[in-house]
Amino acid sequence: MKFLKLFLLLFVIQTQAQQGGMWIPSLLKGMNETEMKNLGMKMSIKDIYDVNQSSMKDAVPHFNGGCTSEVISPKGLLLTNHHCGYSQIQSHSSVDKDYLADGFWAYKMEDELPNENLTVTFIVKIEDVTTQILEGTATLTNEADKQKKIQENITRLSASFPKESWQENKIRTFYEGNQYLLFVTETFSDVRLVGAPPTSIGKFGSDTDNWVWPRHTGDFSLFRIYADKNNRPAKYSKDNVPYAPKHFLPISLDGVAEDDFTLVFGYPGKTNEYLPSVAIEQIVNELNPAKIEIRDKALKVADGFMRKDNAIKIQYASKYASIANYWKKWIGETQGLQKSNAVAVKRNDEKTFQEKVKKAGKEKEYGTLLADFDKNYTAIAPYALARDYFMETVQRNTELLSAAYRLYQLEQVYNARGEQAFNDRKNNLIGGLADFYKNFNATVDEKVFEQLIDLYTTKSPKQFLPNSLANVDAKKLATAIYSISKITSYAGLKEILSGDATTALGNLRKDPAYQLVKELADSYNIQIAPKYDEINQTITALQCTYMKAQLELNANGRLFPDANSTLRVTYGKVKGYEPKDATLYTPVTYLEGVMEKYIPGDYEFDVPSKLVELYKNKDYGNYSDATGKLPVCFIGTNHTTGGNSGSPAVDANGNLIGLNFDRVWEGTMSDIYYDPSICRNIMVDIRYVLFIMDKYAGAKNLMAELKLVHPKKDKTLINKPLKQKQSEKKSK
């Protein structure tokens, strides 16, 4: 019995060690390939990434710089999350034609809707260029000089590395400046809206269910990529044709079971997995609580107005979701870091690190690193907190102050570069703010201002607060500013900026909103930002050295680079979890769960009558599981973060089984510390997507484009490369 317990313990540890991490697809040979095979993968590494032949990377573009998407048909049909396409759906909506409430489906290609400034970017090739980028830096001791040389090398190589005329070269840093990779990319700018379920499906559960399991959200939308007659990127034109992809993902109808292999491919935004314990402690105890409180106040104000007025609900839908997303994430992250004892775990790791440094005789290079971290994080603390208060209040969550801050930056352009530059920027700004004012409501924003300025003046570090804001009455200040400022309307903005630079700046300086922002921004730029940047540069250099030491002292270790919005692979299994004592979550949810949460007329939990009818009749088509139930979502151990929204989840054979859209609340701390026992990503089951497209929307035209397969039933597809499987299926 003792031997069995020991075996099981070792097995669990080994299984956990094989999961977590965001890996570069061009560097999977070796350890990663072995781990994936042990977890059940049947594909080869070349099926995932291949420069010379089509591979999965060719079906997974970056969606508008912030999400991921996947090509699912030979006609460039693109699948991503509903929340990734939300602003495009909103931009085509009005009170009379509300695609947010009613959904949108193009039953013919000519009905697909173009979207200004929407792009998708494919990776053509990844090349390690570390040697070229670090050339000439070894003898430089000054960090600023070193970074200047690195930037010169990046600029030179970006311009000279071979590519096609319509492609771009982008160089990104990894492992905190210890590795550099070059990406050859292709960006398509004619991307049209094809389909979206109503928000009652695509955003079911809204903010209450955000970051939560069990989840029942059909978070998907459909777009199409268009290209010129040569299949190359082109601006929107009626003459453009659907893009013919190098590869598109077949779709599995067989679903998932617990312990099935899952691979998520996408563009995770940012993680900080190698922070020292002192940094995590600061995040948990100081920075996250401040940001959470600010956004909590802003959200409560907006929610109160949105529930009373449908026009405001439409205006603020996308903004509210954006603010709420990270508000709730920070709450879960803080709780997860505390629950998993991340600070204590990091301190223990640091003790081991110090022992390795001593054993390797590297005290001179790395012996003071942890003490230096402690010193600099202590020094930066008040500046970091003041910085967050400024950014969250002025730049992000109070819209009038955000607009006024852009005008403040306009004045800085005049001071630095003169009137011509001022006029160019002014014209761009006026044009760019048209959409901003379309969704701006001064009545709502005044109440947000009142709440946030009160926090700013009472809780931001006092040493950086302008004298005029000491003991200010936030309500009176709000009334005074919003009743007079011209920046509260688009017409007022254009009026205040009319005339030459001298006239416009004179008008601006008389505006009370501008006066307040100028005072706050001057204080920030003089007292906070310079010192923060100085200390942060030191911390960045320390982090680079710390990462170098980790790589050197753990040569065979499982060290993946932090996410930086570049293409990554993360692999794991379909798996339930235990969030707290006596609570066990299974890995799949069903349509029954939607109906259990259904509240007619509710802002978050209403559902369309047609969905209710389909449920009552159990009219699920070919998309139910073996028990006759319709799966909606499932969870896995894939290590994901923001940017993985819309990422394809594929099975062991490379077939699409789901669409990543979230993480569980208890595991949101995976950006800082991944714990395989509670970190789970949430995916829409692809069968629910197909069910909504087919049975709910009746989009037979789109269904006809898809390649549907049964990999668990068709044994001839097992252990065959993707390209061979596709070829065989086409011939049948």
Side-chain angles (χ1 to χ4, degrees), residues 143-144 176 270-297 326-327 329-351 353-354 368-397 452-467 469-470 520-547 562 668-669 671-673:
E143 184 63 24
E176 307 292 346
K270 184 173 177 57
T271 58
N272 290 287
E273 302 289 340
Y274 304 100
L275 288 176
S277 59
V278 63
I280 299 175
E281 205 165 23
Q282 193 174 99
I283 289 168
V284 170
N285 296 332
E286 297 178 43
L287 302 183
N288 275 4
K291 293 185 290 187
I292 289 166
E293 186 176 21
I294 291 168
R295 294 200 177 196
D296 185 61
K297 297 282 188 183
Y326 263 70
W327 163 77
K329 187 261 187 184
W330 288 325
I331 294 172
E333 177 180 85
T334 300
Q335 293 178 353
L337 289 170
Q338 292 169 332
K339 176 181 171 63
S340 60
N341 295 314
V343 172
V345 171
K346 287 284 186 177
R347 282 180 179 154
N348 189 59
D349 290 344
E350 288 162 5
K351 182 180 178 182
F353 171 78
Q354 288 287 56
T368 66
L369 272 174
L370 297 175
D372 290 340
F373 272 134
D374 285 340
K375 172 185 170 184
N376 282 279
Y377 273 104
T378 299
I380 205 172
Y383 300 97
L385 185 60
R387 180 176 181 265
D388 278 348
Y389 269 103
F390 178 79
M391 290 185 168
E392 287 293 311
T393 302
V394 176
Q395 293 185 344
R396 292 178 183 150
N397 297 303
L452 301 198
I453 284 296
D454 183 61
L455 281 179
Y456 195 96
T457 56
T458 57
K459 295 197 173 183
S460 180
K462 292 290 189 292
Q463 64 267 41
F464 307 126
L465 195 66
N467 292 332
L469 289 179
L520 291 170
D522 282 346
S523 175
Y524 174 77
N525 289 328
I526 294 169
Q527 298 185 70
I528 301 167
K531 195 64 179 177
Y532 175 88
D533 291 342
E534 176 191 328
I535 302 171
N536 192 53
Q537 187 177 57
T538 301
I539 289 173
T540 300
L542 287 171
Q543 195 72 44
C544 177
T545 304
Y546 189 47
M547 196 72 245
D562 270 319
T668 53
M669 86 290 187
D671 288 349
I672 296 170
Y673 174 64

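Numbering of residues begins at 1 and proceeds along the displayed sequence. Heavy-atom basis, side chains included; hydrogens, waters and symmetry copies ignored.
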Min side-chain heavy-atom separation L369-F353 under 4.5 Å: yes
Side-chain ion pair, K329 and D671, N-O less than 4.0 Å: yes
T368 OG1 to F373 CZ distance, which is reported to the nearest 0.5 Å: 10.5 Å
D562 and M547, any side-chain heavy atoms less than 4.5 Å apart: no
Side-chain donor or acceptor of S460 paired with backbone N/O of T457 under 3.5 Å: no
Given K346, Q282, E350, the one that forms side-chain hydrogen bond (donor to acceptor under 3.5 Å, both in side chains) with S277: E350
Taking every non-hydrogen atom, the tightest pair across K297 and L452: CB-CD2, 3.8 Å
Any donor-acceptor N/O pair, N397 side chain to R295 backbone, under 3.5 Å: no
Heavy-atom side-chain proximity of K459 to Y389 below 4.5 angstrom: yes
Cationic N near anionic O, under 4.0 Å, R347 to E281: yes
Main-chain N/O of Y532 paired with N536 side-chain donor or acceptor, under 3.5 Å: no
Side-chain touch Y456/L465, heavy atoms, less than 4.5 angstrom: yes
Residues N376 and T538: side-chain donor-acceptor under 3.5 angstrom: no
Spatial distance of atom CH2 (W327) from atom NZ (K291) [nearest 0.5 Å]: 15.0 Å
Minimum heavy-atom distance between D454 and T458, given as atom pair plus value: O-OG1, 2.7 Å
Shortest non-hydrogen contact between P289 and I283, atoms and distance: CD-O, 3.7 Å
Ring geometry between F464 and Y383 (parallel below 30°, tilted from 30 to 60°, perpendicular above 60°): tilted
Contacts of W330 that satisfy ring-ring contact (aromatic ring centres under 6.0 Å, His included) - sequence neighbours left out: Y326
Listed partners of E534 passing salt bridge (Lys or Arg N to Asp or Glu O under 4.0 Å), at least two apart: K531
Nearest-0.5 Å distance, CG of residue L370 to CG of residue L542: 10.0 Å
Between OG1 on residue T334 and CD1 on residue I280, distance to nearest 0.5 Å: 11.5 Å
Heavy-atom side-chain proximity of P466 to L520 below 4.5 angstrom: yes
Separation of L337 CG from I672 CD1 (nearest 0.5 Å): 5.0 Å
From CD (Q463) to CD1 (I528), nearest 0.5 Å: 8.5 Å
Shortest non-hydrogen contact from L455 toward I294: CD1-CA, 3.8 Å
Main-chain N/O of P276 paired to Q543 side chain as donor or acceptor, under 3.5 Å: no
